[in-house]
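Have a look at the structure below before the remarks.
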Amino acid sequence: METVISSLPVLLLGAVITLQITAISVFIGCILGLMAGLSRLSPKRVLRFLATCYVDFFRGTPLLVQIVIVYFGIPQILRDIQNLLVQAYGFTPVFENIHPFLAAVIACSLNSGAYIAEIFRAGVQSIEKGQMEAARSLGMTHGQAMRYVILPQAFKRVIPPLGNEFIAMLKDTSLLSVIGFEELFRRGQLIVGATYKAFQIYLTVAFIYLIMVILISRLVDYLERRLKTGD
């Protein structure tokens with residue numbers, strides 16, 4: 001018990017970092033997801049194709065693989081390009097490696113954006129077609145109808161699945177330990193490596209995740225009730 005108590009400050013700081021990386025990733029993921037989701041509904045084939053490729057790739061491959069590609073794979077390509085430029089034009093090398101925090105944000109945001117794209121697409125498609133027709137009959141362009149009529153209604157319907165995506169990403173951030181990013185799980189690993197108290201520490205880590213998930217679930221329920229009240 002003494003080990004758990006003495007480790008709590010470090011683990012709680014890890015929990016804060018876990019929440020930060022999740023919030024940043026889901027926020028960026030919402031922007032990417034909205035663009036990709038609307039592109040999937042676009043009448044333009046090129047946009048639909050590009051958005052479909054993005055969604056299929058990041059939903060069809062494990063987040064762990066995406067993390068190692070961003071942290072280990074892409075820097076290798078950038079270093080090779082840099083070496084070519086140095087040899088050919090005598091440029092001064094500036095790039096060495098990508099910071100784990102930046103790699104974590106990029107990988108998690110791209111992954112989250114693919115899932116959120118499908119959430120937004122389903123939300124927009126759930127709005128009755130008559131809403132768009134009524135808005136167009138009032139003289140709105142397609143973009144105005146989408147912005148002022150369709151998206152506000154769709155947003156209320158996607159709150160629950162967005163909450164689920166936030167919770168899923170919160171738990172998936174534990175995969176970032178593979179690149180040494182010190183979120184909650186990684187900090188637990190480091191403490192276990194120093195104390196050999198695996199059961200106590202990992203159980204504490206599990207309870208901290210559980211508490212965060214329960215609090216977020218309640219917050220999502222509250223937001224959902226408030227938005228329904230506002231209808």
Side-chain angles (χ1 to χ4, degrees), residues 19-61 63 66 69-70 74 101-173 212-213 215-231:
L19 282 171
Q20 286 176 343
I21 198 74
T22 304
I24 294 170
S25 300
V26 173
F27 175 74
I28 298 174
C30 282
I31 297 172
L32 293 174
L34 181 59
M35 291 190 295
L38 294 179
S39 297
R40 292 259 284 166
L41 298 171
S42 170
K44 297 179 181 177
R45 289 185 180 180
V46 176
L47 279 180
R48 282 208 312 273
F49 175 75
L50 292 175
T52 301
C53 289
Y54 164 65
V55 171
D56 285 349
F57 179 81
F58 284 98
R59 292 183 73 206
T61 55
L63 176 58
Q66 296 162 17
I69 286 175
V70 170
I74 292 177
F101 179 82
L102 182 59
V105 169
I106 293 172
C108 291
S109 299
L110 289 172
N111 181 274
S112 184
Y115 284 93
I116 293 175
E118 290 300 90
I119 293 173
F120 276 124
R121 184 174 68 87
V124 170
Q125 287 181 323
S126 71
I127 305 300
E128 295 75 13
K129 290 183 179 177
Q131 298 276 337
M132 173 61 80
E133 293 168 358
R136 296 301 298 272
S137 67
L138 292 173
M140 292 185 182
T141 63
H142 181 83
Q144 288 173 328
M146 191 64 78
R147 194 185 320 151
Y148 297 118
V149 179
I150 304 298
L151 286 179
Q153 297 181 71
F155 182 73
K156 292 181 181 179
R157 298 187 182 183
V158 302
I159 288 293
L162 276 181
N164 290 336
E165 169 59 22
F166 192 95
I167 290 170
M169 182 52 64
L170 179 79
K171 291 184 288 187
D172 285 347
T173 54
M212 288 193 292
V213 167
L215 291 176
I216 294 167
S217 298
R218 299 295 178 269
L219 178 62
V220 172
D221 291 343
Y222 172 75
L223 285 176
E224 194 177 359
R225 286 198 302 273
R226 286 297 302 268
L227 288 174
K228 281 184 178 178
T229 305
D231 284 338

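When every heavy atom of Ser42 is checked against every heavy atom of Leu47, the shortest pair comes out as OG-CD1, 3.7 Å. Closest approach of Ile21 to Ala104, counting heavy atoms only: CD1-CB, 3.8 Å. A pairwise comparison of heavy atoms in Ala145 and Met132 identifies CB-SD, 3.5 Å as the closest pair. Annotation for Ala36 and Ala51: closest pair O-CB, 3.6 Å, computed over non-hydrogen atoms. Considering all non-hydrogen atoms of both residues, Leu32 and Ser109 come closest at CD1-O, 3.8 Å.
Judged by distance alone, with hydrogens and angles left aside, the side-chain atoms of Glu165 form no donor-acceptor pair with the main-chain N or O of Val26 at under 3.5 Å. Side-chain atoms of Arg48 come within 3.5 Å of backbone N or O of Pro43 as a donor-acceptor pair. Counting only distance, with no hydrogens or angles, the side chain of Tyr54 and the backbone of Leu110 share a donor-acceptor pair below 3.5 Å. Gln131 places no side-chain N or O within donor-acceptor distance of the main-chain N or O of Glu128, the cut-off being under 3.5 Å. Side chain of Ser112 to main chain of Cys108: no donor-acceptor pair is present (N/O by atom type, distance under 3.5 Å, no hydrogens or angles).
Leu63 contributes atom CG, which lies 8.5 Å from atom OH of Tyr115 (distance to the nearest 0.5 angstrom). Distance check: Asn164 CG to Ser217 OG gives 7.5 Å after rounding to the nearest 0.5 Å. Atom CD of Gln153 and atom CG of Leu151 lie 10.0 Å apart (nearest 0.5 Å). Interatomic distance, Leu223 CG to Arg225 CZ, rounded to the nearest 0.5 Å: 9.5 Å.
The shortest distance between side-chain heavy atoms of Phe166 and Leu219 does not fall below 4.5 Å. The side-chain heavy atoms of Ile69 and Gln66, taken from C-beta on, include no pair separated by under 4.5 Å.
The pair Arg121-Glu118 counts as a salt bridge, with a side-chain nitrogen and a carboxylate oxygen less than 4.0 angstrom apart.
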Does Val158 form a side-chain contact (heavy atoms from CB on, under 4.5 Å) with Phe120? I'd like the steps, not just the answer. CA-CA 7 Å; Val158 302; Phe120 276 124; 4.0 Å; yes

Between Ile127 and Arg157, is the side-chain contact (heavy atoms from CB on, under 4.5 Å) condition met? List the steps. CA-CA 9 Å; Ile127 305 300; Arg157 298 187 182 183; 3.8 Å; yes

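Exactly one of Ile116, Ile167, Val220 qualifies for a side-chain contact (heavy atoms from CB on, under 4.5 Å) with Leu162. That residue is Ile116.
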